[in-house]
Amino acid sequence: MTTATDAGRSGEPGGLRDALGPLKDREKTAERLLAASARHSFDPDKELDWDAPFEEGKWFWPPELVSLYDTPLWRRMSEEQRMDLARHEAASLASLGIWFEVILMQLLVRHIYDKPLTSSHVRYALTEIEDECRHSKMFARFIQKAGVRAYPVRPLHHNLGRLLKTVSTTPGSFTATLLGEEILDWMQRLTFPDERIQPLVRGVTRIHVVEEARHVRYAREELRRQMVDCPRWEAELTRISSGEAARVMSVSFVNPRVYTDVGLDRREALAQVRASGHRREVMQAGAKRLTDFLDEIGVLRGVGRRLWRSSGLLA
């Protein structure tokens, strides 16, 4: 249950609380995030060795996170073909990341348009936009370095993204933000310490994990505030739109063209991914921290919850 107390309004200590407890002061949260940004922000062009050749025998993505892992088709594939699929799937995820971050930057600009322009809350949003610009350029440079093509989302999803960034409610925007950030963050936290992985990939994922931790905190705090403070119709629309966004994201993590690009039959590959218990467990494990949070603050209810279940991200 989310409630607004009589003690105050948004931004005032003790003014708002939800199932997780009192909400933190918006300005103080932003000031802490600004300080963290000053200490731990990276320029990928300077931090990473883009000229170093890739290392022989190292993966571009942990094999356990590759979509076909532990399927009958995977067991028939040569090690070389498995590693090539991992390279293409890493590029597919990087492409998805660019698409999503372009949407996120526009959602953040919409969010701050009517906010006090000199506030720390707005300054942090602008700082996050700076981070996302660097991340998008970093992902694009990685795709080029990996020697594979970019993998844009299908036209339907591209246009649904256009609709989202144009008409999304504020809580809907922050729910979509967390959906795009937290599952990939979970995967990247497994990737950057893994010595089986290419050093450049480990560097890219390390930078992204460190900076995304701030973005997740900002989005979580603001979503909690919005779910307490928004009208009932907006909360219900957020539940439904987030469930539909989960359905889109769950099928967009890997572009089906990666299978044909490594010499596999696309239909067979897709059928085996859909039937894979391992893949289902990976996606649900990646989403669990987020779905637990959304459940606690009242997002996973009614039709929205059923949509989340149909996405495969909610057990």
Side-chain angles (χ1 to χ4, degrees), residues 44 47-99 138-154 183-209 249-288 312-313:
E47 292 280 342
L48 303 174
D49 187 354
W50 295 98
D51 295 325
F54 289 120
E55 295 187 13
E56 188 72 26
K58 292 209 168 182
W59 292 78
F60 282 76
W61 201 241
E64 299 82 4
L65 299 183
V66 176
S67 62
L68 281 169
Y69 181 80
D70 201 31
T71 62
L73 184 54
W74 177 266
R75 290 190 282 273
R76 296 202 309 266
M77 294 164 64
S78 67
E79 189 75 352
E80 181 181 2
Q81 195 174 26
R82 293 172 180 174
M83 297 183 85
D84 196 31
L85 178 60
R87 180 168 64 104
H88 284 264
E89 290 201 10
S92 177
L93 282 167
S95 302
L96 180 69
I98 296 169
W99 172 70
M138 174 175 70
F139 290 157
R141 191 168 182 181
F142 164 72
I143 293 167
Q144 290 182 319
K145 174 73 175 179
V148 296
R149 61 173 167 175
Y151 289 99
V153 297
R154 66 182 66 172
I183 301 174
L184 185 57
D185 180 76
W186 178 83
M187 291 182 172
Q188 290 180 332
R189 286 178 183 272
L190 296 177
T191 302
F192 80 80
D194 192 334
E195 294 185 357
R196 298 174 299 171
I197 308 302
Q198 293 286 348
L200 179 62
V201 176
R202 294 176 66 190
V204 166
T205 53
R206 178 183 63 85
I207 287 174
H208 200 245
V209 162
M249 287 296 291
S250 67
V251 299
S252 298
F253 260 74
V254 178
N255 187 307
R257 286 186 294 179
V258 301
Y259 304 122
T260 51
D261 284 352
V262 299
L264 300 174
D265 180 271
R266 182 187 302 193
R267 289 186 179 181
E268 181 184 14
L270 286 171
Q272 293 201 14
V273 170
R274 284 192 292 268
S276 171
H278 174 81
R279 183 62 176 178
R280 184 165 54 253
E281 289 174 5
V282 164
M283 296 302 290
Q284 290 179 357
K288 188 175 190 310
L313 298 177

Could you go through the side-chain contact (heavy atoms from CB on, under 4.5 Å) check for Leu264 and Gln81 one step at a time?
CA-CA 9 Å; Leu264 300 174; Gln81 195 174 26; 3.5 Å; yes
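- The side-chain hydrogen bond (donor to acceptor under 3.5 Å, both in side chains) analysis of residues 82-93, with sequence neighbours excluded, yields the pairs Ser67-Glu89, Glu79-Arg82, Asp84-Arg87, His88-Tyr151.
- Proximity of Leu48 to Met138: side-chain heavy atoms (C-beta onward) are separated by under 4.5 Å at one or more points.
- Other residues, nucleotides and ligands contribute at most 12 non-hydrogen atoms within 6.0 Å of the NZ atom of Lys288.
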Yes or no on side-chain contact (heavy atoms from CB on, under 4.5 Å) for Leu96 and Val153, after CA distance, side-chain angles and deciding distance?
CA-CA 7 Å; Leu96 180 69; Val153 297; 3.7 Å; yes
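- Atom CZ of Arg267 is surrounded by 12 or fewer heavy atoms from other residues, nucleotides or ligands within 6.0 Å.
- For the pair Thr71 and Arg279, the minimum side-chain heavy-atom distance is 4.5 Å or more.
- Contact record, Val148 with Ala91: CG2-CB, 3.2 Å, taken as the closest heavy-atom pair.
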side-chain contact (heavy atoms from CB on, under 4.5 Å) between Asp261 and Arg149, intermediate numbers included
CA-CA 10 Å; Asp261 284 352; Arg149 61 173 167 175; 3.0 Å; yes
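- Panel note: side chain Gln272, backbone Leu73; a donor-acceptor pair is recorded below 3.5 Å.
- With rounding to the nearest 0.5 Å, the separation of CD1 in Ile183 from CZ in Phe253 is 4.5 Å.
- With rounding to the nearest 0.5 angstrom, the OG1 atom of Thr205 is 11.5 Å from the CG atom of Leu93.
- Aromatic ring centres of Phe139 and His208 lie closer together than 6.0 Å.
- Taken from CG in Leu65 to CH2 in Trp186, the straight-line distance is 6.0 Å, to the nearest 0.5 Å.
- Between the CG atom of Leu190 and the CD atom of Gln188 there is a distance of 10.0 Å, given to the nearest 0.5 Å.
- Between Glu64 and His278, the shortest heavy-atom distance links the atoms O-NE2, 2.8 Å.
- Once rounded to the nearest 0.5 Å, the distance linking CG of Asp194 with CH2 of Trp61 reads 10.5 Å.
- Val209 pairs in a side chain to side chain contact (heavy atoms under 4.5 Å, CB included) with only one of the listed residues (Asp185, Thr191, Val204), which is Asp185.
- Tyr259 meets the ring-ring contact (aromatic ring centres under 6.0 Å, His included) test with no other residue; sequence neighbours excluded.
- Here CZ of Arg266 is found 7.5 Å from CZ of Arg257. Values are rounded to the nearest 0.5 Å.
- A donor-acceptor pair is defined here as one N or O able to donate and one able to accept, closer than 3.5 Å; such a pair exists between the side chain of Lys145 and the backbone of Trp50.
- Nearest heavy-atom pair, Leu68 versus Met77, reported as atom, atom and distance to 0.1 Å: CD1-SD, 4.3 Å.
- When all heavy atoms are compared, the tightest approach of Glu47 to Arg206 is OE1-NH2, 4.3 Å.
- Minimum heavy-atom separation, Arg202 to Glu195: NH1-CA, 3.6 Å.
- In this structure Phe60 satisfies the ring-ring contact (aromatic ring centres under 6.0 Å, His included) test together with Phe54, sequence neighbours excluded.
- Here the shortest heavy-atom pairing between Trp59 and Ala86 reads CE3-CB, 3.7 Å.
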